[in-house]
Each structure stands twice: as structure tokens, then as C-alpha cells.
Amino acid sequence: GIKSPYFLKNKIYINENKKIEIEFLDLDLVHDKTATELEVEDFIKNNQEILKIDFIDVAYAKITPKNLIEIDEFNDEFFKKIDEIENNILNGSNIREINEIYNLKLNEINNFVLNDDSDEILEEIYSKRNQDKIQLVDKNDYYLIFEISNINKKIPNKTNPKFLEDVKNNVILKKKFEFNKSLFEKIDEKIFNDDEFVKLSKDTNNIKTITIKNNNDYEIFDPDSLKLLYTLPKESFSLVTGETNKVFLTKIKNIYYSDMEKNNDNVEEYSIKANNDIINDVYTSYDLSLNSKYKVKIFNQTIDRVKNYFR
């Protein structure tokens, strides 16, 4: 079998266990969280289609033994009439025709849209608005029958507090996105520096420092961000994410390396990793050699078509 030398095991150990001292700024502290009246108006004007929501016209009734057979018992007579109503629906009857037979005491609401005060019945009806327009639903304690006669997509009234709040949140989200994008481009073009970092923070107390102990230290940053940070050199800036989708601006201040002791408990683990790297390098070299010798051409579209046969 393969026996990897110490320096290969040590190389992997050093990379995975180096300590990284990082300065970081939570961008929530510097994002613009305001939305002016003009910005709200412009957002509504420029996003007409995506802001449209469903307004429904609906008629519904709760069916109980009391209002269907005039007693409080779920008996055979009650369920027989429920079966009749179900058959009427299947045969194409609308809710008004059914109501004429069973006198269900219909509730009718036009231009209904969900809001924070909507009751459970209307919430359920609204959630089923894209299903069958007339439905009979068993709610255990009663049956719910409803028919949605019309769905109208339109922008809510600007006086609607919930709508305005949603628009403001979208404006703020758009600002955050554009801010982060601009910052990322500066970092990518290597024109972002320490002076801008301090200026951006608004207060140097907003810039925190942490030392990451190894590549499994997820105290602040998520796994993908940590993986990125472990590839970057000293003095580099980056945008990374953490818990609850927070976005951080980071700068690698220092990197501390330490060698693996030869009697370390994890020697076997790093031996396996080093052996795998050697095997992968051998296969890669072999593939390159074959490609060079026989001028092998790989067509990605052909490979994708072959993959599709096995899905």
C-alpha cells in the first residue's frame, strides 16, 4: 500500500488547522434601512407586475348537523346529506344552487386578500384559490363549502399598511443587494483598502476581531464561507455569510501555522488524506497523459446527454 511521507501529511494538517485572525464587520450595521416616499413610488412604478396579488370573490358556509338537519348529532342522515352535496358538486352545481336546496346561510366577500386579521376559514380558502373553484372540506367539527367565483390580479391600494410595509422592505432589500454588489466588485478589482474599511464601518468599534481555530470553527461564519477564508492570503478582503444569512465584510489580519506532532492522535487521519491526494494526483496525471497521447477530446454536451439517460 501507499505510505505517504510526513511532509505531505503535515501540509494537509497545517492547512486545515492554521489559525486565522480576522477583522470583520457586520454589514447590517452600515446598510441603509430607510425607504423614502419617492423610493417607494419609484419601486411601485417599476415593478407593477411582481407587486400584483390575487383578490378573490368568494362565497362560503360552515355546515354542521345543527344547520343542516337541525340537531347536534353527526348521524347517518347528516352524512347522507353531505354525500348529496358532494354529488351535486361533482355534477357541476354551483354553491348558490346547492344553497337553494340546503339553506346553508352563505357568507359572501368580494375583493378579499389575506391580511393579519384574516380568520382561519378565509386563510384556508385563500390558500386553495388555485385549486378547484368549488370545494367541500372536512374540518372534523364541521364541513366547509366554498366557491371562488373570480380571481383578480392587481396592485393593492397604496393606503394598505401591509402592502406599503412590503414595498418598503423590498426597497431596503434592493439597496442592500446593490450595496453588497458594489462592495464585492471593489474587492474583486482590488481597489478596496484599509482606509475604506474604516470609513465604511462608521465607527471602528463596529469592527470586531476573531481568531478562527481551524476549518471546523463555525462560531461566526458558515461552512462555505469558512472554506473560502481558508483559501485566502493575509491582508485579503472578502464578503462572507454567517448565521441567519448575515453578510460580513472580512479582512485576514494574520495567519498562524503549526506543524503536526509525529505522535499526534490524528496521524492516521492525515495519512489517509495524504494517500488519497497521491492517488488522485496519479489518476489526474494518467488522464492528462492519455489525452495528450491520443488527442482525446471531451464534449461536455455529449457527456450531459449520456448522463441524462441514467436519470
Side-chain angles (χ1 to χ4, degrees), residues 33 35 40-41 43-75 77-174 176-177 243-245:
K33 298 185 182 70
V40 168
E41 288 289 339
F43 190 89
I44 294 172
K45 180 181 176 182
N46 296 324
N47 296 276
Q48 295 276 314
E49 285 305 311
I50 65 171
L51 290 175
K52 287 181 179 179
I53 59 176
D54 292 340
F55 288 78
I56 65 172
D57 296 340
V58 60
Y60 70 95
K62 288 174 68 172
I63 305 175
T64 65
K66 186 70 175 175
N67 63 25
L68 190 62
I69 59 174
E70 298 182 341
I71 61 172
D72 284 325
E73 184 182 346
F74 287 86
N75 58 18
E77 184 186 359
F78 173 77
F79 288 112
K80 182 181 177 183
K81 287 187 180 292
I82 290 295
D83 288 341
E84 290 174 3
I85 292 171
E86 199 163 36
N87 287 331
N88 287 334
I89 291 172
L90 292 172
N91 290 329
S93 297
N94 62 45
I95 199 168
R96 284 173 181 78
E97 291 169 337
I98 294 170
N99 187 50
E100 287 176 6
I101 301 170
Y102 300 101
N103 191 25
L104 299 177
K105 297 179 182 176
L106 288 183
N107 299 285
E108 296 191 48
I109 300 179
N110 292 327
N111 283 319
F112 173 76
V113 66
L114 268 187
N115 58 60
D116 294 336
D117 300 324
S118 300
D119 64 32
E120 289 183 11
I121 289 178
L122 288 171
E123 280 185 15
E124 177 163 7
I125 292 171
Y126 193 83
S127 72
K128 297 176 183 290
R129 67 191 181 279
N130 295 316
Q131 300 174 17
D132 294 337
K133 71 175 194 173
I134 180 167
Q135 295 184 45
L136 180 66
V137 183
D138 183 354
K139 301 298 294 176
N140 294 324
D141 295 332
Y142 62 92
Y143 278 79
L144 170 66
I145 186 171
F146 68 87
E147 181 176 15
I148 296 174
S149 56
N150 185 48
I151 300 178
N152 186 20
K153 277 189 175 292
K154 60 182 181 179
I155 294 178
N157 194 302
K158 293 176 186 176
T159 59
N160 183 314
K162 186 178 184 304
F163 172 67
L164 277 180
E165 189 64 26
D166 288 343
V167 172
K168 286 178 182 177
N169 287 336
N170 276 307
V171 169
I172 293 167
L173 197 63
K174 184 171 181 282
K176 286 182 180 180
F177 173 79
E243 60 182 12
T244 63
N245 294 321

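Looking only at side-chain heavy atoms (C-beta outward), Leu136 and Ile82 come within less than 4.5 Å of each other. You'll find the side chain of Ile98 reaches within 4.5 Å of the side chain of Ile134, heavy atoms only. Using a 4.5 Å heavy-atom cutoff, the side chains of Ile121 and Tyr126 are not in contact. In this structure, Lys153 and Phe55 have side chains that are not in contact, with every pair of non-hydrogen atoms separated by 4.5 Å or more. You'll find the side chain of Ile56 stays beyond 4.5 Å of the side chain of Val113, heavy atoms only. Under the 4.5 Å side-chain criterion, counting only non-hydrogen atoms from C-beta, Ile155 is not in contact with Ile53. For the pair Asn110 and Val58, the minimum side-chain heavy-atom distance is 4.5 Å or more.
At distances below 3.5 Å, not a single donor-acceptor pair connects side-chain atoms of Asn160 with backbone N or O atoms of Pro156. Side-chain N or O atoms of Gln135 include one that pairs as donor or acceptor with a backbone N or O of Asp132 at under 3.5 Å. Not a single donor-acceptor pair under 3.5 Å links the side chain of Asn47 to the backbone N or O of Ile44.
Rounding to the nearest 0.5 Å places CG of Leu51 at 9.0 Å from CG of Asp166. Considering CG of Asn103 and CG of Leu68, their distance stands at 10.0 Å, rounded to 0.5 Å. Atoms OG1 and CD, from Thr64 and Glu73 in turn, are 13.0 Å apart once rounded to the nearest 0.5 Å. One distance of note links CG of Asp119 with CD1 of Ile125; it measures 8.0 Å at 0.5 Å rounding. Note that the CG atom of Asn46 and the CD atom of Glu41 stand 11.0 Å from one another [nearest 0.5 Å].
The 12-atom threshold is exceeded at CG of Asn87, counting heavy atoms of other residues, nucleotides or ligands nearer than 6.0 Å. Residue-environment remark: CD (Glu243) stays at or below the threshold of 12 foreign heavy atoms within 6.0 Å. The number of heavy-atom neighbours closer than 6.0 Å to NZ of Lys33, taken from other residues, nucleotides and ligands shown, is above 12. Around CD of Glu97, the count of heavy atoms belonging to other residues, nucleotides or ligands within 6.0 Å exceeds 12.
Of the candidates Ile101, Leu90, Ile63, Ile85 forms a side chain to side chain contact (heavy atoms under 4.5 Å, CB included) with just one, namely Ile63.
Checked against side-chain hydrogen bond (donor to acceptor under 3.5 Å, both in side chains), Lys176 has no partners two or more places apart in sequence or in another chain. Contacts of Ser118 classified as side chain to side chain contact (heavy atoms under 4.5 Å, CB included), with partners at least two apart in sequence or in another chain: Phe112, Leu114, Asn115, Glu123. With sequence neighbours excluded, the residues that form a side chain to side chain contact (heavy atoms under 4.5 Å, CB included) with Asn169 are Glu165. Scored by the ring-ring contact (aromatic ring centres under 6.0 Å, His included) test, Phe74 finds Phe78 as partners (sequence neighbours excluded). When the salt bridge (Lys or Arg N to Asp or Glu O under 4.0 Å) test is applied to Glu108, the partners found at least two apart in sequence or on another chain are Arg96.
The shortest heavy-atom contact between Lys174 and Phe43 is CD-CE1, 4.2 Å. Listed here is the closest heavy atom pair of Gln48 and Lys45: CG-O, 3.5 Å. Residues Lys105 and Asn99 share a closest heavy-atom pair of N-OD1, 3.5 Å.
Geometrically, Lys62 does not engage Tyr143 in a cation-pi contact, judged by NZ or CZ lying under 6.0 Å from the ring centre and within 45° of the ring axis.
A salt bridge links Glu124 with Lys139: the closest approach of a Lys/Arg side-chain nitrogen to an acidic carboxylate oxygen falls below 4.0 angstrom.
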Which pairs would a plain distance check flag for residues 144-152, meaning a side-chain donor or acceptor within less than 3.5 Å of a matching protein atom at least two apart in sequence or in another chain?
unit_1 : atom_1 : unit_2 : atom_2 : d
Glu147 : OE1    : Ile95  : N      : 2.8
Ser149 : OG     : Asp57  : O      : 3.4

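There is a side-chain donor-acceptor pair under 3.5 Å between Thr159 and Asn157.
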